[in-house]
S.K.: 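Here it is, the structure, as structure tokens.
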Amino acid sequence: MDTMRERFASVVSRLLDDDPRLAIVLAEIGKDGFTDAAGAHPDRVINVGIREQLLVGVGGELALTGMRPILHTFASFLVERPFEQVKLDFGHQGVGGVLVSAAGSYDWPAGGYTHMAPGDVALLDTLDGWTIHVPGHPDEAETLLRDAVAAGDDSVYVRLSAHTNSAPRDIAPGRFLTVREGRGGVVIAVGPMLDGVLAAVEGLDMTVLYATTVRPFDGRTLRAAAGAGAAARAGAAGAVDVVLVEPYLAGTSTAAANDALADRPHRVLGLGIPRRELRRYGTIDEHLAGRGLDPASLRQRISGFLR
């Protein structure tokens, strides 16, 4: 199976052939995936070198000319380092583009904290109007990338990862997918967290929603799942427990879940990457365990939270 980044390069290379409005802007990282595309479209495959602020600035300038720019590098260099340019060159100028990241929270532990960005989604969430996709499989990444490119002039962030689920799901951009139904609460698994969540709640009477688009937040599906679960529980007074399991900063979507359920009794537990820095190298699985996001830890934390 190819990786999300490999699928990204192949899909965008084909889209460049079909749409003269598209341009891909790189900052060294990922350039090898676009060698053929650069030969075919040298004016629309732009490598600015290791200059991440310029990467975003060039993308914003292309958008001002009517192009649909796609920007790619590691999340820490795409969102955190040039955040002022993202805020001004896209948001303030009122133009859109597609930001595609890799190596988000713990994809490359050997790279150290300079190559990790567990706060990227929370940071972008301070800006208005961004759609944020978090695929959990290369097939889902392709679906969401194509949707992002076709999204008119909107601003879209696609968070690719080396951490994946074993199989793709039949997702619809913008909507949570109901993977299973239960009466004991609702777990929202974001992107690559789904397999671990399903293993963690095996045997528990819980609804599992799968989120690959986290902004806008699909409050309607959450409300429907919460209402169905509460109605099925005798003596629960309509209350519902909701657990969010996100592959980035813990609590990033807690406020969105609370807003969606503001008119009904509920509790929300946000699980994800804590603010405390884990100063260790290792593998993705070791980082998941170190952050309490492996299936055994998730089961303990979710079971302890349920009423």
S.K.: With a 4.5 Å cut-off on side-chain heavy atoms, are Asp218 and Thr213 touching?
M.R.: no
S.K.: Should Phe90 and Leu64 be counted in the same cluster of Ile, Leu, Val, Met, Phe, Trp and Tyr side chains packed under 4.5 Å apart?
M.R.: yes
S.K.: May I ask you to check whether His115 and Asp107 show a side-chain donor-acceptor distance below 3.5 Å?
M.R.: no
S.K.: For residues Ser101 and Leu78, determine if any side-chain heavy atom of one lies less than 4.5 Å from a side-chain heavy atom of the other.
M.R.: yes
S.K.: Can you find a side-chain donor-acceptor pair between Arg21 and Thr65 that sits under 3.5 Å?
M.R.: no
S.K.: Would Asp125 and Arg215 count as a salt bridge (Lys or Arg N to Asp or Glu O under 4.0 Å) here? Give the steps.
M.R.: CA-CA 8 Å; Asp125 202 26; Arg215 297 294 183 277; 3.0 Å; yes
S.K.: For a 4.5 angstrom cut-off between non-hydrogen side-chain atoms, does Val98 reach Pro69?
M.R.: no
S.K.: Give the minimum heavy-atom separation between Ser10 and Arg7, together with the two atoms involved.
M.R.: OG-O, 3.0 Å
S.K.: What closest approach, in Å, do Ala37 and Ser13 show between heavy atoms, and which atom pair accounts for it?
M.R.: CB-OG, 3.7 Å
S.K.: State, yes or no, whether a side-chain contact exists between Met4 and Pro135 at a heavy-atom distance under 4.5 Å.
M.R.: yes
S.K.: So, for Leu71 and Gly59, which heavy atoms are closest and what is the spacing to 0.1 Å?
M.R.: CD1-CA, 3.9 Å
S.K.: From Arg301 CZ over to Leu293 CG, what is the distance, rounded to the nearest 0.5 angstrom?
M.R.: 6.0 Å
S.K.: So how far is it from Phe74 CZ to Thr114 OG1, rounded to the nearest 0.5 Å?
M.R.: 9.5 Å
S.K.: Determine, using ring centers only, whether His133 and Tyr157 are less than 6.0 Å apart.
M.R.: no
S.K.: Do Arg279 and Tyr113 form a cation-pi contact, if we require the NZ or CZ to be under 6.0 Å from the six-membered ring centre and within 45 degrees of the ring's axis?
M.R.: no
S.K.: Within the 4.5 Å heavy-atom criterion, are Asp285 and Tyr106 side-chain neighbours or not?
M.R.: no
S.K.: Can you tell me which residue among Val79, Leu249, Ile132 is in a side chain to side chain contact (heavy atoms under 4.5 Å, CB included) with Val121?
M.R.: Ile132
S.K.: Side chain of His266, backbone of Leu261: donor and acceptor closer than 3.5 Å?
M.R.: yes
S.K.: Has Arg299 got a side-chain atom pairing as donor or acceptor with Ala200's backbone, closer than 3.5 angstrom?
M.R.: yes
S.K.: Does Asp2, at its CG atom, have more than 12 non-hydrogen atoms belonging to other residues, nucleotides or ligands within less than 6.0 Å?
M.R.: yes
S.K.: Given the rule that I, L, V, M, F, W and Y join up when any side-chain heavy atoms are under 4.5 Å apart, are Ile171 and Val156 in one cluster?
M.R.: no
S.K.: Can Leu288 be reached from Val208 by stepping across I, L, V, M, F, W or Y side chains whose heavy atoms are under 4.5 Å apart?
M.R.: yes
S.K.: Flag yes if more than 12 heavy atoms outside Glu277 fall under 6.0 Å of its CD atom; otherwise flag no.
M.R.: yes
S.K.: Go through the side-chain N and O atoms of Glu246 and Ser253 and say whether any donor and acceptor fall under 3.5 Å apart.
M.R.: yes
S.K.: Between Pro118 and Met116, is any pair of side-chain heavy atoms under 4.5 Å apart?
M.R.: yes
S.K.: Look up atom CG in Leu16 and atom CD1 in Ile70, then write down how far apart they are to the nearest 0.5 Å.
M.R.: 6.5 Å
S.K.: A quick test of your reading: do over 12 heavy atoms of other residues, nucleotides or ligands sit less than 6.0 Å from CD of Gln300?
M.R.: no
S.K.: Same hydrophobic cluster for Leu15 and Met67, using side-chain heavy-atom links shorter than 4.5 Å among ILVMFWY?
M.R.: no
S.K.: State whether the number of non-hydrogen atoms from other residues, nucleotides or ligands found under 6.0 Å of Asp263 atom CG is greater than 12.
M.R.: yes
S.K.: Could you tell me whether Asp170 atom CG has more than 12 heavy atoms of other residues or ligands within 6.0 Å of it?
M.R.: no
S.K.: Carefully, step by step, assess Val214 and Val190 under the rule side-chain contact (heavy atoms from CB on, under 4.5 Å).
M.R.: CA-CA 8 Å; Val214 295; Val190 175; 3.8 Å; yes
S.K.: Within a strict 4.5 Å, meaning less than it, do heavy atoms of the Val134 and Thr212 side chains meet?
M.R.: no
S.K.: Could you grab the distance from atom CD of Glu140 to atom CG of Leu194, nearest 0.5 Å is fine?
M.R.: 8.0 Å
S.K.: How far apart are the closest heavy atoms of Ala148 and Val158, and which atoms are they?
M.R.: CB-CG2, 4.1 Å
S.K.: I'd like to know if the side chain of Asp205 and the backbone of Gly182 have a donor-acceptor N/O pair within less than 3.5 Å.
M.R.: no
S.K.: Applying side-chain contact (heavy atoms from CB on, under 4.5 Å), run through Leu26 and Val48 and close with a yes or a no.
M.R.: CA-CA 6 Å; Leu26 307 166; Val48 301; over 6 Å; no
S.K.: Val95 vs Asp153, test: side-chain contact (heavy atoms from CB on, under 4.5 Å). Steps then yes/no.
M.R.: CA-CA 7 Å; Val95 295; Asp153 293 311; over 6 Å; no
S.K.: Determine the minimum heavy-atom distance between Asp294 and Ala289, stating which atoms define it.
M.R.: OD1-CA, 3.4 Å
S.K.: Checking the side chain of Thr126 only, and the main-chain atoms of Leu123 only, is there a donor and an acceptor separated by less than 3.5 Å?
M.R.: yes
S.K.: With distance as the sole test, does Arg220 use its side chain to make a donor-acceptor pair with the main-chain N or O of Ala260 at under 3.5 Å?
M.R.: no
S.K.: Using a 3.5 Å distance criterion without hydrogens, assess whether the side chain of Asn47 forms a donor-acceptor pair with backbone atoms of Glu28.
M.R.: yes
S.K.: Within the distance-only criterion (no hydrogens, no angle test), does the side chain of Thr143 pair as donor or acceptor with the backbone N or O of Asp139 below 3.5 angstrom?
M.R.: yes
S.K.: Output the distance between atom OG1 (Thr178) and atom CD (Glu181), rounded to the nearest 0.5 Å.
M.R.: 6.0 Å
S.K.: Quick check: Phe34 with His72 (ring centres under 6.0 Å apart)?
M.R.: no
S.K.: Going by the side chain to side chain donor-acceptor pair (under 3.5 Å) test, name the single residue among Arg159, Arg291, His163 that passes it with Ser105.
M.R.: Arg159
S.K.: So, the side chain of Asn258 versus the backbone of Thr254: is there a donor-acceptor pair under 3.5 Å, distance only?
M.R.: yes
S.K.: Enter the distance from Leu160:CG to Glu6:CD here, rounded to the nearest 0.5 Å.
M.R.: 11.5 Å
S.K.: Name the residue from Met193, Arg180, Arg169 that meets the side chain to side chain contact (heavy atoms under 4.5 Å, CB included) definition with Tyr210.
M.R.: Arg169
S.K.: Would the distance check show the side chain of Arg267 and the main-chain N or O of Phe305 forming a donor-acceptor pair, the cut-off being under 3.5 Å?
M.R.: yes
S.K.: Look at the side chain of Asp195 and the backbone N and O of Asn165, then say whether any donor-acceptor pair between them is shorter than 3.5 Å.
M.R.: no
S.K.: Is there a side-chain contact (heavy atoms from CB on, under 4.5 Å) between Gln93 and Leu88? Walk through the geometry before answering.
M.R.: CA-CA 6 Å; Gln93 294 290 350; Leu88 298 179; over 6 Å; no
S.K.: Does Ile50 have more than 12 heavy atoms from other residues, nucleotides or ligands lying within 6.0 Å of its CD1?
M.R.: no
S.K.: For residues Leu222 and Val242, determine if any side-chain heavy atom of one lies less than 4.5 Å from a side-chain heavy atom of the other.
M.R.: yes
S.K.: Give a yes or no on whether Val187 and Leu177 share a hydrophobic cluster (residues Ile, Leu, Val, Met, Phe, Trp, Tyr; joining criterion: side-chain heavy atoms under 4.5 Å apart).
M.R.: yes
S.K.: Which heavy-atom pair separates His287 from Pro109 by the least distance, and what is that distance?
M.R.: NE2-CB, 3.3 Å
